[in-house]
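For reference, the structure discussed in these notes is given below.
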Amino acid sequence: LSAFVSQPGYAARALDVILRVARAPDQAAAVELLHEGAQALGAEQAVFASFVRDDDARESFRFLLACDPVWCFKYQEQGWFADDPWLWYAMTNSEPIAASAIPLRTQRQRDFQRLAAEFGCASFYIVPAPSSSGVSRLGVLGLGSSRQGFFESPSINAVKVLARGLAMELSQWCASQVRQELLVQCRISEDDLQLLRMEYAGLQTKDISKELGLSATSVNSRFQRLINRMAAPNRHAAARLAAEYGLLQ
Amino acid sequence: VTSREAAAASGFLTFLVPPTLLASGTLAGQAWLAFAAVFIVAPLLRAVIGEVSDKPRQWSEVTATVLEMLPVVYVLVLISTLAVTLVCIRRANLAAGALVSVGASMFAVFVLASCVAHELLHRKSVLMRALGGVLSGVIGYPLLETDHRNHHRLANRMRLAEAPYPTETVWQFSFRRGSAVIRRATEEHRAGIRSHRLWLAIAAMVGTAALFAVVAGVRAFVLYLIVAALSAWSLQAITYLQHWGLGTTDSSGSDLGWEDRCRLQQWLTLGISFHQAHHSAQRIPYYRLMVQRGSPRMPASYAVLFVACLFPPLHRTIMKPALARWTQQPQEAMPARRRVFCGRLALRRRRPGAPP
């Protein structure tokens, strides 16, 4: 790794990729950038996952995969997300870490690591992408190398800074995609978002109606339609949900 | 809130009936009431009460908030009910036959209470999930959360015991799945995954068992343990019913599950009967769930199929035509055999000259 990060133009190449992530038009382009980013950081394979904290159902998971597809297939087949120690690390920590430093407590976790090594990830670097307070969507970037001890090198700090940048940009990109999906799926308009922002700020119906120049009945009926579309029990829960998904930013 | 909406919402109060019948039945010396209501009256009533509409119901904010809180009310009702039952057992010094009746009714209540625990475990709020964990412990299945979390992640994968193999009986499947659930719970505990709620659920179970022992003696304690074991087994059997014939061997699994439009069943199970819809969108609360278009439809109620699956040839005789019909015409919601169990609907649909 030391030789790799001391190459001329190392940081510039990685930065170039990081800067392009926000403009990725679709998932294919994002995966391509993930692949390029991983190569720029010395990795051969990369995985990015974006998910909502405490989502036991795993409904919120979005993956960008620039790795061996057979590995992904095996991961899915075995339902490994239930035991994945790297994923659990990212849910509760924000510091990038070499996978070898994460203790493996169960046989399945050891099997998981062995499988990763079999598919070219003998050394793996985990880069969590935490979110701001109130927003529950997180991300984690995983960089893999087939060279034993590659990410355990003392030069890892040169990768750490850039990998964090890449992870945060990918996380932002995924969050914006999910936001867009939610807006379309629940048919939420800009006016609805304004209502939700006011509710989240703690405004009463009377204040909202005064602010928007609408009658209280009209505000109530707009909230009524909105909470049904968002499958929330009431306006407070709808506003909280919107905030958690970053819709109110 | 319109009176129509209030009437529709009040149907969900039905799920409070079995625990209430358990307490009132035990008080009146008719401890079998709750069991009879769930396993005899409810399957008969489904023909009278009819089916849920295909159109999504829009609830007002007030009604939705009340419905959201109803499972919490249920937990309070259940705990009070168990307290009353315990006191009755202690005071009446029940004979063995009466104790069996109490046990049967407790079993019926516990199995339905697992639906409430399930609903709470799917909530976003940590407090609600903790309450779901406590309830799962009280009904004797503290592994419900681990079990269910993995059930969603690995849905319909036969090899991982989340759906039965085509020739597997409920007895074989429940043993295979029960072992898998215990193995996964042990692994998760070792890995430190969500173990705090597992301990909470175990504490709730131990606490309930201890209360039975202290308040009503050893016989009540043994009764609780037997009912708890039966409830835990029944939940494996219910998974068998919900996914029979729909399992996959591929890596991605599927959301397929047997559904039932029966309104009474929706009320009693808090929408578990819309099983495929629940698998497709797990965060949708019970009062907003609706049957999925093209899903396989159960030919009878859970109670009837539960009894039928205890006799594998009978279960296969009922289910095979329903599966064949769904496989051939997934969009045709009504399996032929359903007519046997849903009389009113069959009468309404039969046109003059049509074959019986």
Side-chain angles (χ1 to χ4, degrees), chain A residues 52-61 69-70 72-85 87-89 91-92 102-112 136 185 199 205 219-238 240-241 244-245, chain B residues 56-70 121-126 129 145-146 148-155 157 159-160 162 180 183-195 197 248-253 255 278-289:
Chain A
V52 166
R53 190 186 279 123
D54 279 340
D55 174 18
D56 290 340
R58 298 288 188 266
E59 268 183 342
S60 64
F61 274 64
V70 182
C72 304
F73 175 81
K74 293 256 181 201
Y75 186 96
Q76 173 117 339
E77 186 181 49
Q78 292 290 327
W80 240 302
F81 27 65
D83 310 82
D84 185 342
L87 201 56
W88 278 98
Y89 174 83
M91 282 188 196
T92 47
I102 298 173
L104 303 175
R105 297 197 177 100
T106 67
Q107 187 54 45
R108 256 178 81 80
Q109 290 185 338
R110 283 185 282 275
D111 291 345
F112 165 79
S136 53
Q185 196 184 325
E199 172 61 32
T205 308
V219 169
N220 282 336
S221 90
R222 277 174 61 182
F223 264 127
Q224 183 61 60
R225 287 195 296 271
L226 186 57
I227 63 164
N228 274 315
R229 290 201 300 268
M230 291 179 76
N234 50 50
R235 61 190 73 185
H236 182 62
R240 217 175 40 221
L241 189 71
E244 271 186 30
Y245 278 81
Chain B
R57 180 170 274 285
Q58 307 285 306
W59 299 105
S60 71
E61 204 173 346
V62 175
T63 310
T65 306
V66 170
L67 290 173
E68 183 85 357
M69 291 311 292
L70 215 49
L121 287 169
H122 270 291
R123 293 279 170 91
K124 266 191 97 62
S125 150
V126 175
R129 280 196 266 175
E145 187 182 7
T146 311
H148 197 65
R149 193 168 57 234
N150 287 300
H151 178 61
H152 276 289
R153 285 175 194 167
L154 311 171
R157 282 169 227 196
R159 205 173 60 76
L160 299 174
E162 292 304 337
R183 198 175 53 244
R184 277 182 214 136
T186 315
E187 288 264 312
E188 285 191 8
H189 172 63
R190 273 196 213 137
I193 300 169
R194 300 266 181 276
S195 54
R197 252 197 321 266
T248 64
T249 47
D250 63 28
S251 66
S252 53
D255 286 340
H278 170 62
H279 267 275
S280 302
Q282 298 152 43
R283 290 268 184 231
I284 302 288
Y286 71 96
Y287 51 92
R288 291 195 195 279
L289 267 179

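Letters A, B, ... mirror the listed sequences (proteins, then strands); counts begin at 1. Quantities reported herein were computed from a predicted structural model and do not represent experimental measurements. The figures that follow rest on heavy atoms only: side chains count, while hydrogens, waters and symmetry mates do not.
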Margin query: Measuring only between side-chain heavy atoms, which start at C-beta, is Lys124(B) closer than 4.5 Å to Arg240(A)?
Written below: no

Next item on the list: Name the region of Ala237(A), side chain, backbone, both or neither, that has any atom closer than 4.5 Å to a heavy atom of chain B.
Entry: neither

Item checked: Atom group of Leu104(A) that falls short of 4.5 Å from chain B, counting heavy atoms -> neither

Checklist line | Which atoms of Ser280(B) approach chain A - backbone, side chain, both or neither, heavy atom under 4.5 Å | finding: backbone

Notebook entry, point to check: Distance from Ile102(A) atom CD1 to Leu87(A) atom CG, nearest 0.5 Å?
Noted result: 10.0 Å

Note to self: Quick check on the interface: out of Asn220(A), Asn228(A), Ile227(A), who has the most heavy-atom pairs with chain B under 4.5 Å?
What the structure shows: Asn228(A)

Checklist line | Single hit among Arg149(B), His148(B), Arg129(B) for side chain to side chain donor-acceptor pair (under 3.5 Å) with His122(B) | finding: His148(B)

Checklist line | Minimum side-chain heavy-atom gap His278(B)-His152(B) below 4.5 Å | finding: yes

Margin query: Less than 4.5 Å to any heavy atom of chain A: does that hold for the side chain of Arg159(B), its backbone, both, or neither?
Written below: side chain

Item checked: Asn234(A) CG to Gln224(A) CD distance, which is reported to the nearest 0.5 Å -> 10.5 Å

Note to self: So for Arg235(A), is it side chain, backbone, both, or neither that comes closer than 4.5 Å to the heavy atoms of chain B?
What the structure shows: both

Check: Is it the side chain or the backbone of Gln58(B) that comes within 4.5 Å of chain A heavy atoms, both, or neither?
Finding: both

Check: Does the Arg123(B) side chain pair with the main chain of Glu68(B), one donor and one acceptor, at a distance under 3.5 Å?
Finding: yes

